[in-house]
Amino acid sequence: DPNMKAGAANEGVLANFFNSLLSKKTGAPG
Amino acid sequence: SLDKAELCDSLLTWLQTFQVPSCNSKYDLTSGVAIAHVLHRIDPSWFNETWLGRIKEESGANWRLKVSNLKKILKSMLEYYHDVLGHQVSDEHLPDVNLIGEMGDITELGKLVQLVLGCAVSCEKKQEQIQQIMTLEESVQHVVMTAIQELLSKEPS
């Protein structure tokens, strides 16, 4: 089901982004 | 770039997770009270009790008091970006607090809350803040992600 795949891909994008924010040194937003 | 009304709606949803006073609508946000309380939660050592005490809670319909609150908030946030986060906020992301306080301008309000978001995901307690964001609805998370990328990317968009 393409919608399911799109949903999963979306979640992946979000998780990757927020996890990358978490791994950044505190106080270094850029 | 982001549709400013959608940005405001999504960031209002995010702010409401802090369960602070005067945070029921976008109009509520224009007083600055909710934003100040959220900043105090984000970094209580920088946005401390003394600072919070200077924010007029009864600004209600008095646009001059609102603008005064918003000016204090913006000034302290820009100092936080510079002194704590070491980040230069570009002009395009600077809100016009007069338009917010006097006219309830959604575009300028969106910029102000976007700056609050930048503090939340970069501060000392960012782990807790980011995990809170990740509990939001996916569509809201997407807007939040775009807002962060837009704000914190090196080159002005």
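Each chain gets a letter, A, B and so on, in the order its sequence line appears, and its residues count up from 1. Just so you know, these numbers use all the heavy atoms, side chains as well, and skip hydrogens, waters and symmetry mates.
Minimum heavy-atom separation, Glu138(B) to Leu14(A): CG-CD1, 3.3 Å.
With a 4.5 Å cut-off on non-hydrogen atoms, Met145(B) touches chain A through its backbone and its side chain both. Contacts between Leu151(B) and chain A at a heavy-atom distance below 4.5 Å are absent for every atom of the residue.
Remark: Leu21(A) CG to Gln149(B) CD distance equals 8.5 Å, nearest 0.5 Å. Taking CZ of Phe17(A) as the start and OG1 of Thr146(B) as the end, the distance is 8.0 Å to the nearest 0.5 Å.
Phe18(A) is listed as a side-chain neighbour of Val144(B), based on a closest heavy-atom distance under 4.5 Å.
Residues Val97(B) and Tyr27(B) are members of separate hydrophobic clusters, defined by side-chain heavy-atom contacts under 4.5 angstrom among Ile, Leu, Val, Met, Phe, Trp and Tyr. There is no path of hydrophobic side-chain contacts, each under 4.5 Å, that joins Leu99(B) to Leu70(B). Under a hydrophobic clustering in which Ile, Leu, Val, Met, Phe, Trp and Tyr are joined whenever their side-chain heavy atoms come within less than 4.5 Å, directly or via other members, Leu52(B) and Leu65(B) fall into different clusters. Residues Leu7(B) and Met103(B) do not share a hydrophobic cluster, defined by chaining ILVMFWY side chains whose heavy atoms lie under 4.5 Å apart.
Ranked by heavy-atom pairs shorter than 4.5 Å toward chain A, the options Gln127(B), Gln131(B), His142(B), Met134(B) are led by His142(B).
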